[in-house]
Participant: 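Before I ask anything, here is the structure I am working with.
Values below: all heavy atoms of this structure, side chains included; hydrogens, waters and symmetry mates excluded.
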Amino acid sequence: MIVIIGSVNMDLVLRVPRMPLPGETLAGDKFMTIPGGKGANQAVACARLAAPGTSVAMVACVGDDAFGGQMRDSITACGIDDRYIDEVAGEATGIASIMVDANAQNSIVIAAGANGRLDVERIERARPLIEQAAIVLLQLEVPMPTVIHSIELAHALGKTVVLNPAPAQALPRELLQKIDYLILNEIEAAMLAEEQSEDIPLLARKLHALGARNVVVTLGEKGVYGSFADGQQRHLPARKVQAVDTTAAGDTFIGGFIGAIAQGHDQFDAIAYAQAAAALSVTRVGAQTSIPTRDEVVL
């Protein structure tokens, strides 16, 4: 079983010709509401991209508003176990306000809402689920004490712990020693390594020195760099596609990678599979609406 502990957001997506300047009012092209949130995106990606028979469950919070019901429906439609997705009375479901420009680049502002109520007590209530897991996957869109407690719990239970440290923020150094797979972009890698450098192998070595066993750095159109505990290191170039919207491309990559790892695939084969899934996702609009199924991914 793969258990995702993280955020659930409704994405409020506005297509724009370009990003507005400070103080500028700009006419947009199209508005959509699309299920999102890093935690939910990664859960959906795991469910769609893992091999048949792989169980996926989520620990999260939604509000008691209309978005909460819509988000739960979107998650359960993928076959994800929602027993530990709590509805918080009086809270709004988290939202992300996303602008996507004509070059498929996005700008995102998040309001945590009910995500901020995913506390340590709720994680402890979900302990029976975590005990059943083989892999526990987290991000940083829920309170940091919850992330720390969840990682420490999963590590103590002998689970494979995966962290996507996004949005980028500082982490306790000792926490990296309890993470089996650190999957992050180059900005997050530089922040955690405390090294302002574009030398990705250098950043990976720094992260290893801080305790991270396996490091996967996503580089957008420049590909992916993997550096693993067995000493293997390699850069894999990106697939060439015409991007429409990059929202959730990273989440799709993570879901594909974890789904492949869960089946025991080689780490570089897992990266290649995840890259193929992510490349397909950027040719589509939205977060969860862009995530492909296993049958759609062509290596």
Participant: Once side chain to side chain contact (heavy atoms under 4.5 Å, CB included) is applied, do any residues pair with K240, and if so which ones, sequence neighbours excluded?
Facilitator: none

Participant: Any donor-acceptor pair under 3.5 Å linking the side chain of E141 with the backbone of S7?
Facilitator: no

Participant: Are any side-chain N or O atoms of T160 and backbone N or O atoms of I135, one a donor and one an acceptor, separated by less than 3.5 Å?
Facilitator: no

Participant: Counting N and O atoms only, with roles assigned by atom type, does the side chain of Q275 sit under 3.5 Å from a partner on the main chain of P237, one being a donor and the other an acceptor?
Facilitator: yes

Participant: Would you say D65's side chain and E91's backbone share a donor-acceptor pair under 3.5 angstrom?
Facilitator: no

Participant: Which heavy atom in V16 sits nearest to a heavy atom in G28, and how many Å separate them?
Facilitator: CG1-CA, 4.3 Å

Participant: State the OG1-CG distance between T146 and L153, to the nearest 0.5 angstrom.
Facilitator: 12.0 Å

Participant: Go through D251 and I291 one step at a time and tell me if the side-chain contact (heavy atoms from CB on, under 4.5 Å) criterion holds.
Facilitator: CA-CA 9 Å; D251 298 329; I291 299 171; 5.6 Å; no

Participant: What are the two closest heavy atoms between P143 and G116, and how far apart are they?
Facilitator: CG-O, 3.5 Å

Participant: Check for me, please, whether F253 and V297 land in the same ILVMFWY cluster - side-chain distances under 4.5 Å, paths through other members count.
Facilitator: no

Participant: Can a side-chain donor-acceptor contact be found between Y181 and Q267 if the only test is distance below 3.5 angstrom?
Facilitator: yes

Participant: Which value, rounded to the nearest 0.5 Å, describes the distance between R72 atom CZ and D82 atom CG?
Facilitator: 4.5 Å

Participant: So do the side chains of L163 and L140 get within less than 4.5 Å of each other, counting heavy atoms only?
Facilitator: yes

Participant: Do any N or O atoms from the side chain of T252 and from the backbone of S281 form a donor-acceptor pair under 3.5 angstrom?
Facilitator: no

Participant: Using the rule that Ile, Leu, Val, Met, Phe, Trp and Tyr join whenever any side-chain heavy atoms are under 4.5 Å apart, tell me whether V136 and I75 fall into a single cluster.
Facilitator: no

Participant: Return the minimal non-hydrogen interatomic distance between A278 and A249, and the atom names on each side.
Facilitator: CB-O, 3.6 Å

Participant: Would you say CD1 of I187 has more than 12 non-hydrogen atoms from neighbouring residues, nucleotides or ligands within 6.0 angstrom?
Facilitator: no

Participant: How long is the straight-line distance from CG of D230 back to CG of N214, given to the nearest 0.5 Å?
Facilitator: 7.5 Å

Participant: Cluster question for you: counting only ILVMFWY and a side-chain heavy-atom cut-off of under 4.5 Å, with indirect links fine, are L236 and V215 together?
Facilitator: no

Participant: Taking the side chain as everything from C-beta on, heavy atoms only, tell me whether F31 gets closer than 4.5 Å to L12.
Facilitator: yes

Participant: Between M19 and Q105, what is the shortest heavy-atom contact and its length?
Facilitator: CE-O, 3.5 Å

Participant: Any idea which heavy atoms bring D86 and R125 closest together, and the distance?
Facilitator: OD2-NH2, 3.2 Å

Participant: Any side-chain to backbone donor/acceptor pair from D64 onto G90? Under 3.5 Å, distance only.
Facilitator: yes

Participant: Is there side-chain contact between I271 and F268, with heavy atoms separated by less than 4.5 Å?
Facilitator: yes

Participant: For the pair R122 and V88, evaluate side-chain contact (heavy atoms from CB on, under 4.5 Å) and give the outcome as yes or no after the intermediate values.
Facilitator: CA-CA 11 Å; R122 295 181 196 274; V88 183; 3.8 Å; yes

Participant: Run I95 and I110 through side-chain contact (heavy atoms from CB on, under 4.5 Å) and show every step you take.
Facilitator: CA-CA 6 Å; I95 64 100; I110 293 171; over 6 Å; no

Participant: So how far is it from I5 CD1 to L138 CG, rounded to the nearest 0.5 Å?
Facilitator: 4.5 Å

Participant: Taking side chain as C-beta onward, heavy atoms only, is L157 less than 4.5 Å from E131?
Facilitator: yes

Participant: Give me the atom names and distance for the closest heavy-atom approach of I85 to M58.
Facilitator: CG1-O, 3.7 Å

Participant: Before you tell me yes or no, could you show the steps for K206 and E195 under salt bridge (charged side-chain N to carboxylate O under 4.0 Å, His left out), namely the whole-Å CA-CA distance, both residues' side-chain angles and the distance that decides it to 0.1 Å?
Facilitator: CA-CA 8 Å; K206 292 267 188 177; E195 182 76 44; 3.2 Å; yes

Participant: Applying the 4.5 Å side-chain criterion to the ILVMFWY set and letting contacts propagate, would L203 and L171 be lumped into a single cluster?
Facilitator: yes

Participant: Would you say M10 and M71 make side-chain contact, with heavy atoms under 4.5 Å?
Facilitator: yes

Participant: Please examine the side chains of D11 and Q288, heavy atoms only from C-beta on, and report whether any two atoms are closer than 4.5 Å.
Facilitator: no

Participant: According to a 4.5 Å side-chain heavy-atom criterion applied to Ile, Leu, Val, Met, Phe, Trp and Tyr, with indirect links allowed, do F228 and L207 form part of one hydrophobic cluster?
Facilitator: no

Participant: Can you find a pair of side-chain heavy atoms, one from T283 and one from Q242, that are under 4.5 Å apart?
Facilitator: no

Participant: Do side-chain atoms of H235 reach the backbone of I200 as a donor and acceptor pair under 3.5 angstrom?
Facilitator: no

Participant: Please report the C-alpha distance between V244 and R15 in whole Å, then the side-chain angles of each, then the deciding distance to 0.1 Å, and finally whether the side-chain contact (heavy atoms from CB on, under 4.5 Å) criterion is met.
Facilitator: CA-CA 11 Å; V244 172; R15 304 287 303 195; 4.2 Å; yes

Participant: Do other residues, nucleotides or ligands put more than 12 heavy atoms under 6.0 Å from Q263 CD?
Facilitator: yes

Participant: Given 3.5 Å as the limit, does a donor-acceptor pair link the side chain of K222 with the main chain of A238, or not?
Facilitator: no

Participant: Under a 3.5 Å distance rule, please check whether D101 uses its side chain to pair with a backbone N or O of N103 as donor and acceptor.
Facilitator: yes

Participant: Rounded at 0.5 Å granularity, tell me how far OG in S55 sits from CD1 in I80.
Facilitator: 11.5 Å

Participant: Q139 and Q42: side-chain donor and acceptor closer than 3.5 Å?
Facilitator: yes

Participant: Answer yes or no: is there a side-chain heavy-atom contact under 4.5 Å between L182 and L192?
Facilitator: yes

Participant: Assess the side chains of H149 and E124: does a donor N or O sit below 3.5 Å from an acceptor N or O?
Facilitator: yes

Participant: Using only atom types and a distance under 3.5 Å, with no angle test, would you say the side chain of N9 pairs donor to acceptor with the backbone of G36?
Facilitator: no

Participant: Would you kindly check if the NZ (Lys) or CZ (Arg) of R127 is within the cone defined by 45 degrees around the ring axis of Y84 and under 6.0 Å from the six-membered ring centre?
Facilitator: no

Participant: Quick check for you: to the nearest 0.5 Å, what is the distance between L219 atom CG and N185 atom CG?
Facilitator: 8.5 Å

